[in-house]
Number of protein chains: 2
Amino acid sequence: MKTTTEAGREAGDAALGTRERIVRAASRLMQRQGYEGTGIKQISREAGATLGSVYHFFPGGKQELATEAIRHGDQEFTDILREALDGADDPAEAIAACARTVAEALRASDWIDGCPVTATSIGTAESAPDLQRAAAEAFARWRGLVEDELRASGFAEESARELAHTVISTLEGAELAAQLARDEAPLLIAGRHLARLIDSYR
Amino acid sequence: MKTTTEAGREAGDAALGTRERIVRAASRLMQRQGYEGTGIKQISREAGATLGSVYHFFPGGKQELATEAIRHGDQEFTDILREALDGADDPAEAIAACARTVAEALRASDWIDGCPVTATSIGTAESAPDLQRAAAEAFARWRGLVEDELRASGFAEESARELAHTVISTLEGAELAAQLARDEAPLLIAGRHLARLIDSYR
DNA sequence: CACGGACTAGAACGAACGCTCTATCCGATA
DNA sequence: TATCGGATAGAGCGTTCGTTCTAGTCCGTG
């Protein structure tokens with residue numbers, strides 16, 4: 001029997017390598033159930049891999065796997081953000097568009113798939129500081145992306161830095177609020193308010 | 001031996017009833033470790049109560065206890081918010097003050113104690129919908145408080161409603177960002193930006 | 001054809017989980 | 001003083017946890 005593409009419980013992941021399938025399964029499960037709520041066996045089952053494979057690729061165990069899952073989520077949102085920033089004429093409109101994209105994805109998952117980075121890292125400050133660090137790096141990266149775009153659009157150094165902070169904070173909080181309320185309004189409103197706030201610094 | 005005030009592992013809680021001690025211990029532990037990361041036995045130990053007492057007061061088990069813990073956290077932030085709103089002359093300054101208060105508490109706990117409502121309810125959408133509902137009610141209550149204050153200060157109906165949404169979303173997201181970065185800057189910046197945004201609707 | 005490293009496979013371990021159960025204690029009432 | 005329900009106490013249930021371990025399969029290279 002073929003070993004790498006067998007089982008293939010993941011629709012589009014059948015062609016991927018075992019390691020990548022494990023990371024993706026871990027990322028999606030922890031996005032929905034958190035770090036503590038997700039078991040290694042569940043991940044291996046969902047990824048169509050065995051326990052042996054998981055510990056082969058991630059000898060550091062659950063923490064190492066979760067760290068990689070966070071980096072995967074980091075990259076996912078980085079792509080969304082970059083696409084929004086590249087697709088709009090000005091940063092304010094780009095952020096609003098990004099909020100709409102997130103709202104759309106959230107609704108499409110029936111309000112289940114929130115931010116994978118937040119969901120995976122929350123509540124692990126004491127037990128798994130590695131996760132906190134990886135999550136902090138993700139936030140910093142997103143913030144840097146927005147900051148660079150604002151500076152490139154002519155905003156002052158300090159304004160760009162502070163606006164980028166609030167953009168990421170607000171998007172994150174609004175996604176959480178939207179998920180809890182099962183309503184995309186918080187995200188759409190946040191997008192409009194962020195655009196207005198950015199424009200007020202022109 | 002006296003039963004209700006024995007053990008008293010909680011500094012100021014010795015005089016409280018058993019039920020209240022259990023709720024407070026659950027709230028604080030879940031604030032730090034999340035719902036799945038916190039065990040009933042750990043809660044009972046920390047509260048100076050026994051397993052029997054926990055199931056006596058919360059026959060619904062962990063979910064019922066966690067729901068009550070969320071309501072406790074809801075009330076905690078409601079008090080902070082109301083104090084801020086009552087203590088400042090205008091809503092914009094009140095929100096900024098509230099952000100400063102949250103930042104102070106977060107730093108005082110060495111970036112461990114985030115929002116108890118968020119930390120407890122995240123990642124439970126599928127396994128414990130009761131928690132999601134309790135958390136959503138908390139967010140709605142906070143939002144209502146801000147909205148009422150804005151309307152009382154003369155803001156238009158729709159502006160007040162939308163601003164309240166963003167105020168709560170941004171505070172929540174900024175607290176998360178501050179906790180991850182171990183830096184109060186995200187909260188302080190968010191407070192100033194929210195004040196600016198509110199003022200722009202005058 | 002034989003070897004060896006990468007990878008797959010899953011049984012088994014001790015610990016911890018949420019929860020049930022019976023037994024006991026205490027203070028207010030009759 | 002006898003009674004009885006609220007509250008306390010913790011042993012023990014079955015299950016699942018993260019992890020370890022040994023065995024086996026595959027395939028490129030000598």
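We name chains A, B, ... by the order of the sequence lines, and we start the count at 1 in each one.
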Task: Test item: A:Lys62 side-chain N/O and A:Thr38 main-chain N/O as donor-acceptor pair under 3.5 Å - done: yes

TODO: Could you state the atom-to-atom distance from CD of B:Gln33 to C1' of C:dA16 in whole Å?
DONE: 14 Å

- [ ] Round to a whole Å and report the spacing from CZ of B:Phe58 to P of C:dC19.
- [x] 13 Å

Open item on the list: Heavy-atom nearest nucleotide on DNA chain C for A:Lys41 versus A:Ser53: which residue maps closer to 5'?
Closed with: A:Ser53

Open item on the list: Side-chain N or O of A:Thr18 versus OP1/OP2 of C:dT8: is the shortest distance under 4.0 Å?
Closed with: yes

TODO: Choose from D:dG12, C:dA11, D:dT8 the nucleotide whose nearest atom is closest to any side-chain atom of A:Leu51.
DONE: C:dA11

Open item on the list: Considering every strand and a 4.0 Å limit on heavy-atom distances, what is the contact class for A:Tyr55: base, sugar-phosphate, or nothing?
Closed with: base

Open item on the list: Rounded to whole Å, how long is the line connecting atom CZ of B:Phe57 with atom C1' of D:dA7?
Closed with: 6 Å

Open item on the list: Can you tell me which nucleotide in C:dC19, D:dG18, D:dA7 comes closest to the side chain of B:His56?
Closed with: D:dA7

Open item on the list: Is it the case that atom CZ in A:Arg161 sees more than 12 heavy atoms from other parts of the structure closer than 6.0 Å?
Closed with: yes

Task: B:Arg21 CZ to D:dA7 P, straight-line distance once rounded to whole Å - done: 13 Å

Task: Between C1' of C:dC7 and CD of A:Glu20, the distance in whole Å - done: 17 Å

Open item on the list: Just checking B:His193 against A:Tyr201, ring centres under 6.0 Å apart?
Closed with: yes

Task: Value in whole Å for how far the P atom of D:dG10 lies from CZ of B:Arg45 - done: 13 Å

- [ ] Apply side-chain contact (heavy atoms from CB on, under 4.5 Å) to B:Glu83 and list each qualifying residue two or more places apart in sequence or on a separate chain.
- [x] none

- [ ] Round to a whole Å and report the spacing from CD1 of A:Ile22 to C1' of C:dA9.
- [x] 13 Å

TODO: Indicate, with a heavy-atom threshold strictly under 4.0 Å, whether B:Gly52 touches base, sugar-phosphate, or nothing.
DONE: base

TODO: Starting from C1' on C:dC17, measure out to CD1 on B:Ile43 and report it in whole angstrom.
DONE: 12 Å

Open item on the list: If the test is side-chain contact (heavy atoms from CB on, under 4.5 Å), which one of B:Leu187, B:Leu171, B:Leu188 qualifies with B:Val102?
Closed with: B:Leu187

